[in-house]
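Atom set for the values below is all heavy atoms of this structure, side chains included, hydrogens, waters and symmetry mates excluded.
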Amino acid sequence: MEFYSTRNKSYRLSGEQAVIAGIAPDGGLFLPCELPCYGREELNRMKALDYPQLAAKVMAFFFPGIGEQKLLQACRKAYAPEKFGGECPVRLHGLDGNTVMLELWHGPTLAFKDMALQMLPHLLSLSLEAAGDARRALILTATSGDTGKAALEGFTDVPGTQVAVFYPAYGVSEMQRLQMATHRAQNVAVFAVDGNFDDTQTGVKRIFADAALREEAASKGVFLSSANSINVGRLIPQIVYYIYAYLQLLSNGCVAPGDAIDIAVPTGNFGNILAAWLAGKMGIPVRTLICASNRNNILTDFFRTGVYDTRRPFYKTGSPSMDILVSSNLERLLFYLCGEDDEACAGLMRQLAQTGSYRLTPELLQKAQQQFFAACADDDQTAACIGRVWEGFGYCVDPHTAVALCALSQRPDTHFTLVASTASPYKFSSTVLRGLGRRPSQDEFENLTLLAQFLQEKPPEQLSSLRSLPLRFEQVYARESMPDLVRGLL
C-alpha cells in the first residue's frame, strides 16, 4: 500500500512512512494510491462491528505494515468509554424525519478533532515501530481553535514526542484559548501568534519546507511531523465516522440499502468534508456534499464560480474554527478533480502561492458542482438558526453546526441529510446564549453556568475546571519568530 504526493506522484511512501513525514518535501499532501470499495453485502456485514472494530478494519487497508490486530488494540484505547462518555464515541440524533445530527464532540476536548487526534498518537507510534524508526518526534500544529487542544490532549506524555501548537492570538474563543494556555503536560508548548490562522498555518508549512531546519532536527535525532489534517494520519480516522454513521442509519431503518444521502459539513480547512467525500468514494452512497462556510466564504465562492481567491477581507466571526482563507485539504480534492494529474495540481498550487488565486477550467468546475453544493451564513443568520433549532426541536447546537444547518436550508431541493455536529455548544457559550435570546455575561465561566441553567444540565467539567488552572502560556509572538521558536524546542 503506497501513498503519493499531490504534487509529484513519483514520490511514494508507505502509509506508515506518510504518517511519520506528515507532508511531502515538495509541499504536497499524501493520498493513498488506491481506495477500498465496499459493496452492499460487505456494508451489511460491517453493521455488526462496533466502532473500534470498524475503525481498525478501515485503517488496516491503508496501514498493512501495522496490521488489523494492533490497530484494533489502539482503537480500543483511543475510543475508550472513559474518554468519550459512552461505549460509542459518536452519537446520532434525529432532528426531523429528513435530518440526522452526527455528534462528533463527546471526546475529551468537546470537539470533533478528538475523533482523529486521540488516534493519531497511536498511529504515529505504531508507524515508527513498523518502520524501525527510533527518532523522537516534534509535532507541529497550527490551529484555528479546536485542533490545538485536541493535539495537546492526544499527545500528552506520549513517549518520544513533543508538541508545539501555534494559534492566532486574537482569533479563537476564550474557552479555546484557556484550554490550550492552561495545559499542564510537560511535553507540550503553546504559542500565540500575532496574526490570523492562515498566518500560523503558512508559518508551519514553511518550517516543514525549511531544509536547514529539518537537518538541524535530524542532527538531534528528531523529525518534524504534523498533527494538522495535512497529515494523512488525521484524515483517514475521520473517514470512519461517516461510514459508521451510514451503517447506523441502515441498521435503524432510516435509509434502505443503496439509498444515497446528503452530508452537510461546517467547513474551514476542508479536511472533515474531504473525509466524507472519500467515504463516498469507498462505497457509502453519497448524493451531495453540502460545504458550509461562515462570513469567510471563500469556499462558497469557489464552488459557485471556480475561482479560489485569497485576496479578500478576513473576518473574525462567532464560529472561529472556520475563520480560514487557505483551506489546505482542498488541494487533495483538486488532485482528484484533475484526474490525479499531479502536474496540473502542482500548477494550481504554484498559482496560489504566486498570485493568491487560481481558476478551475469550466470542465473541472462542472465536475466539482456535480458533487458539492456550497452556501454560507453570517453571524446574524447563525444566531437565528441556533434559536430556531431550539424552538423547533429542543436541541442546542454550537455556531459551527448552526452554519451547516443554515447552508442546508439554502439547498433548493430536500433529501435525507446527515449533518456533522462538530463542537459542544458550551465551547461557545456566549454566542449560543445570544442565539437563544439570552444576554451573555462578560465572564465566560458565568456563561457556562447560564447556558447550563437554560438547558437544565451540568456544564462540562472539561471547561468549568479551567477556571482554577493557572495560565502557563501567555506570551504573544511575532509570526516571523515561528522558526526560531521551533529551534528553541530542539
Side-chain angles (χ1 to χ4, degrees), residues 46-47 49-59 71-94 100-125 145-158 175-176 179 183 185 227 229 233-249 251-252 265-266 271-272 275-276 279 321 395-398 400-401 418-428 452 455 457-466:
M46 289 161 65
K47 288 192 300 184
L49 303 178
D50 65 19
Y51 195 93
Q53 288 171 331
L54 178 68
K57 177 179 175 61
V58 171
M59 287 190 279
L71 285 167
L72 178 58
Q73 293 171 1
C75 290
R76 293 275 185 224
K77 294 175 184 175
Y79 303 117
E82 59 269 23
K83 292 184 178 182
F84 285 86
E87 289 300 319
C88 183
V90 303
R91 320 278 196 275
L92 269 67
H93 180 97
V100 169
M101 311 301 294
L102 174 59
E103 296 178 352
L104 301 169
W105 43 262
H106 292 280
T109 76
L110 305 177
F112 82 98
K113 307 296 176 73
D114 290 323
M115 294 301 301
L117 281 166
Q118 284 296 308
M119 187 63 203
L120 181 59
H122 296 284
L123 269 181
L124 180 60
S125 296
D146 287 331
T147 291
K149 176 59 176 178
L152 295 172
E153 194 72 30
F155 280 94
T156 287
D157 298 329
V158 172
M175 280 300 169
Q176 289 173 319
Q179 281 187 305
H183 198 81
S229 54
R234 267 276 307 274
L235 179 62
I236 289 174
Q238 291 180 275
I239 298 170
V240 177
Y241 49 72
Y242 289 111
I243 297 175
Y244 179 83
Y246 185 77
L247 297 177
Q248 289 300 300
L249 294 174
S251 297
N252 297 338
V265 186
N272 199 6
S321 297
Y395 185 74
C396 189
V397 296
D398 88 291
H400 303 79
T401 306
L418 184 71
V419 179
S421 180
T422 55
S424 164
Y426 285 101
K427 293 196 77 168
F428 309 94
L455 299 177
E457 58 190 27
K458 288 184 177 180
E461 175 68 18
Q462 299 101 307
L463 300 181
S464 58
S465 64
L466 296 174

Donor-acceptor contact present, side-chain H400 to main-chain S321, <3.5 Å: yes
field: Side-chain ion pair, D50 and R76, N-O less than 4.0 Å
entry: yes
field: Backbone of A227 reached by a side-chain donor or acceptor of R234 within 3.5 Å
entry: yes
message: With no hydrogens and no angle check, just 3.5 Å: does a side-chain donor-acceptor pair link Q238 and S229?
response: no
query: G271 and L235: which non-hydrogen atoms are nearest, and at how many Å?
result: O-CD1, 3.7 Å
query: Is K427 reaching over with its side chain to a backbone N or O of L463, donor-acceptor style, under 3.5 angstrom?
result: no
- prompt: Should we count NZ of K47 as having more than 12 external heavy atoms under 6.0 Å?
  reply: yes
- prompt: Are more than 12 heavy atoms from other residues, nucleotides or ligands located less than 6.0 Å from atom CD of E457?
  reply: yes
field: With sequence neighbours excluded, residues passing ring pair (Phe, Tyr, Trp, His ring centres under 6.0 Å) with F84
entry: Y79
message: Just verifying a value: how many Å separate L71 CG and L123 CG, rounded to the nearest 0.5 Å?
response: 6.5 Å
query: Do the side chains of V90 and M115 get nearer than 4.5 Å, heavy atoms only?
result: yes
task: Please report the shortest heavy-atom distance between E461 and S465, naming the atom on each side.
output: O-OG, 2.8 Å
message: Exactly one of Q462, Q176, H183, Q179 should register a side-chain hydrogen bond (donor to acceptor under 3.5 Å, both in side chains) with K149. Which one does?
response: H183
- prompt: Can you tell me how far CG of L54 sits from SG of C75, rounded to the nearest 0.5 angstrom?
  reply: 9.0 Å
